There are 2 protein chains.
Amino acid sequence: MSLKDTSENANCRAMSDVLNRIGDKWSVMVVGMLSGGTLRFNELKRQINGVSQRMLTLTLRNLERDGLVTRTIYPEIPPRVEYGLTDLGKTLGEPINALWDWSAANHEAIIAARLAYDARHKETEAPPARKYAGAA
Amino acid sequence: MSLKDTSENANCRAMSDVLNRIGDKWSVMVVGMLSGGTLRFNELKRQINGVSQRMLTLTLRNLERDGLVTRTIYPEIPPRVEYGLTDLGKTLGEPINALWDWSAANHEAIIAARLAYDARHKETEAPPARKYAGAA
DNA sequence: CTGTATCCTGTGAGATACTG
DNA sequence: CAGTATCTCACAGGATACAG
């Protein structure tokens with residue numbers, strides 16, 4: 001199925017749906033982390049630099065709900081919870097990896113393109129504090 | 001390069017950066033549309049169902065800035081502007097397609113997982129308004 | 001340790017109106 | 001037709017405090 005099918009809402013919605021998960025950087029991080037094996041909550045939190053407890057919890061819940069991540073509670077004291085990828089989660093790892101590779105391969109090109117673009121438009125574009133053209 | 005490298009900030013940032021573009025559904029749509037050939041502004045607007053003029057403009061600007069999309073102005077009356085993919089944009093199409101395929105293939109599984117999850121948690125837990133912004 | 005509830009802020013994004 | 005500017009609202013997400 002090609003990308004051209006916006007009118008075909010079924011696929012379009014599927015993609016949007018998945019994109020909402022993929023596009024979330026924390027989800028991607030979590031899937032990446034867990035691809036190396038199961039981890040506990042705080043292990044994840046430590047390894048994923050910059051994630052807040054709240055976001056990690058929400059991310060994990062969403063991933064779990066979508067059937068991508070498993071959550072195993074060990075009713076001990078202190079409590080222990082381990083997260084891992086489901087089979088579905090593992091298959092998702094592949095397209096994500098493709099994207100990761102693409103990013104690594106082309107990030108520089110993008111940066112360069114941005115610089116070029118900005119340079120190109122610095123001449124054309126006017127300063128930010130310009131409201132009306134009243135007097136000047 | 002594996003996904004495991006959050007500590008390795010270079011790749012991590014590259015990924016985040018790219019993800020910010022990929023994660024945006026309009027960007028994905030535009031790239032998808034343009035993969036079939038160049039289109040004019042309003043052609044895009046019509047074909048991408050639900051996009052506002054504003055968002056389409058912003059999306060196109062970002063894609064152009066990132067070197068993924070070309071913008072060609074024909075100084076006619078009425079004005080005509082055509083958008084197309086750059087080579088870089090085309091290469092991006094491939095991982096995106098992989099994701100698209102994954103979505104198509106696994107969307108049902110995800111839907112099912114969600115239903116299962118919701119059912120599983122309706123018994124255990126019974127909070128109707130799960131979002132904090134709900135009742136206020 | 002593993003979460004949930006709350007507050008607060010910035011930003012994303014639609015609607016609308018105007019310009020060239 | 002193509003695009004910019006502005007207003008507005010909702011929501012994502014960080015910080016924090018509390019609970020099991």
Side-chain angles (χ1 to χ4, degrees), chain A residues 16 19-30 38-65 69-84 121 124-134, chain B residues 16 19-30 38-65 69-84 121 124-136:
Chain A
S16 289
L19 236 31
N20 278 328
R21 191 98 311 126
I22 306 304
D24 174 19
K25 73 171 174 176
W26 298 133
S27 294
V28 175
M29 290 298 167
V30 168
T38 68
L39 289 172
R40 301 178 56 174
F41 186 86
N42 271 3
E43 287 175 332
L44 274 171
K45 187 165 183 318
R46 259 191 304 276
Q47 290 188 36
I48 301 178
N49 205 313
V51 69
S52 65
Q53 193 168 38
R54 175 182 139 86
M55 286 322 292
L56 183 54
T57 303
L58 289 179
T59 300
L60 286 167
R61 283 293 172 288
N62 281 329
L63 289 172
E64 189 200 356
R65 191 169 99 103
V69 156
T70 61
R71 179 167 179 263
T72 314
I73 308 173
Y74 297 87
E76 310 168 350
I77 303 283
R80 188 166 114 242
V81 181
E82 289 197 340
Y83 294 92
H121 287 249
T124 312
E125 206 174 329
R130 189 169 172 79
K131 302 173 187 173
Y132 280 119
Chain B
S16 290
L19 236 32
N20 279 329
R21 190 97 311 126
I22 306 305
D24 175 18
K25 73 171 173 176
W26 298 132
S27 294
V28 174
M29 290 299 167
V30 168
T38 68
L39 288 173
R40 301 178 56 174
F41 186 85
N42 272 2
E43 288 175 332
L44 274 170
K45 187 166 182 319
R46 261 190 304 277
Q47 290 188 34
I48 301 179
N49 205 313
V51 69
S52 65
Q53 192 169 38
R54 176 184 138 87
M55 287 321 293
L56 183 54
T57 302
L58 289 178
T59 300
L60 286 168
R61 284 292 173 288
N62 282 329
L63 289 172
E64 189 200 357
R65 192 170 99 103
V69 156
T70 61
R71 178 166 178 265
T72 313
I73 308 173
Y74 298 87
E76 310 166 351
I77 302 282
R80 188 166 114 242
V81 181
E82 290 197 340
Y83 294 92
H121 287 249
T124 313
E125 208 175 333
R130 293 188 60 82
K131 289 196 133 192
Y132 65 83

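Small disclaimer: the values here were computed from a predicted structure and weren't measured. Chain letters run A, B, ... following the sequence lines, proteins first and then strands; every chain starts at 1.
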- Task: Could you list the residues that satisfy side chain to side chain contact (heavy atoms under 4.5 Å, CB included) with B/Thr72, not counting sequence neighbours?
- Result: B/Tyr74
- Item | Earlier contact from the 5' end, DNA chain C, for A/Phe41 and B/Val51 | A/Phe41
- Message: Test of understanding: with side chain to side chain contact (heavy atoms under 4.5 Å, CB included), list the residues that count as partners of B/Arg21, not counting sequence neighbours.
- Response: A/Arg114, B/Ser27, B/Asn62, B/Leu63, B/Asp66, B/Leu68
- Message: Side chain of B/Thr57, heavy atoms from C-beta onward: which of D/dG14, D/dG3, D/dA2 has the nearest atom to it?
- Response: D/dG3
- Among the candidates D/dA2, C/dT2, D/dG13, find the nucleotide nearest to the side-chain atoms of A/Met55. D/dG13
- Message: Can you build the contact string for nucleotides 15-20 of chain C? Use B for base contact, S for sugar-phosphate-only contact, and - for no protein heavy atom under 4.0 Å.
- Response: B-B--B
- Query: Within the structure, does a side-chain N or O atom of B/Arg61 lie under 4.0 Å from either OP1 or OP2 of D/dT4?
  - Reply: yes
- Send over the distance from A/Ile77 CD1 to C/dG3 C1', rounded to a whole Å. 14 Å
- Item | Nearest-angstrom distance from the residue atom CG of A/Leu58 to C1' of D/dA12 | 10 Å
- Report the distance from atom CG of B/Leu60 to atom C1' of D/dT4, rounded to the nearest whole Å. 14 Å
- Let me know the distance between NZ of A/Lys45 and C1' of C/dC1, rounded to the nearest Å. 12 Å
- Task: Indicate, with a heavy-atom threshold strictly under 4.0 Å, whether A/Tyr83 touches base, sugar-phosphate, or nothing.
- Result: sugar-phosphate
- Task: Using the closest heavy atom to pick a nucleotide of DNA chain D for each, name whichever of A/Trp26 or B/Arg80 lands nearer the 5' end.
- Result: B/Arg80
- Task: Round to a whole Å and report the spacing from CG of B/Leu56 to P of D/dA5.
- Result: 17 Å
- Note on the structure: Between the CG atom in B/Leu56 and the CZ atom in B/Arg61, the distance rounded to the nearest 0.5 Å is 9.5 Å
- Item | Which residues share a side-chain hydrogen bond (donor to acceptor under 3.5 Å, both in side chains) with A/Arg71, sequence neighbours left out | A/Tyr83
- How long is the span from the CG atom in B/Leu39 to the CZ atom in B/Arg46, to the nearest 0.5 Å? 10.0 Å
- Task: Return each pair, listed once, that meets salt bridge (charged side-chain N to carboxylate O under 4.0 Å, His left out) where at least one residue sits in residues 73-82 of chain B; pairs must be two or more places apart or across chains.
- Result: B/Glu76-B/Arg80, B/Arg80-B/Glu82
- Message: Output the rounded distance in Å from CG (B/Asp24) to C1' (C/dT11).
- Response: 13 Å
- Message: For A/Trp26 versus A/Thr59, what's the shortest heavy-atom pair and its separation?
- Response: CB-OG1, 3.5 Å
- Overall bend of the helix from C/dC1-D/dG20 to C/dG20-D/dC1 (five pairs an end, 10° steps) is 40°
- Item | Nearest listed nucleotide, side chain of A/Pro78, among D/dG14, D/dA2, C/dC1 | C/dC1
- Between B/Pro79 and B/Arg40, which heavy-atom pair has the shortest distance, and what is it? O-NH2, 3.7 Å
- Note on the structure: Rounded to the nearest 0.5 angstrom, the NZ-CE distance for A/Lys45 and A/Met55 is 12.5 Å
- Item | Short side-chain N/O contact from B/Arg71 to OP1 or OP2 of D/dG3, under 4.0 Å | yes
- Task: To the nearest 0.5 angstrom, please state how far the CD1 atom of A/Ile22 sits from the CG atom of B/Leu19.
- Result: 8.0 Å
- Rounded distance (Å) that lies between atom C1' of D/dA2 and atom CD of B/Glu76: 13 Å
- Query: Roughly, in whole Å, what's the span from OH in A/Tyr74 to C1' in C/dG3?
  - Reply: 18 Å
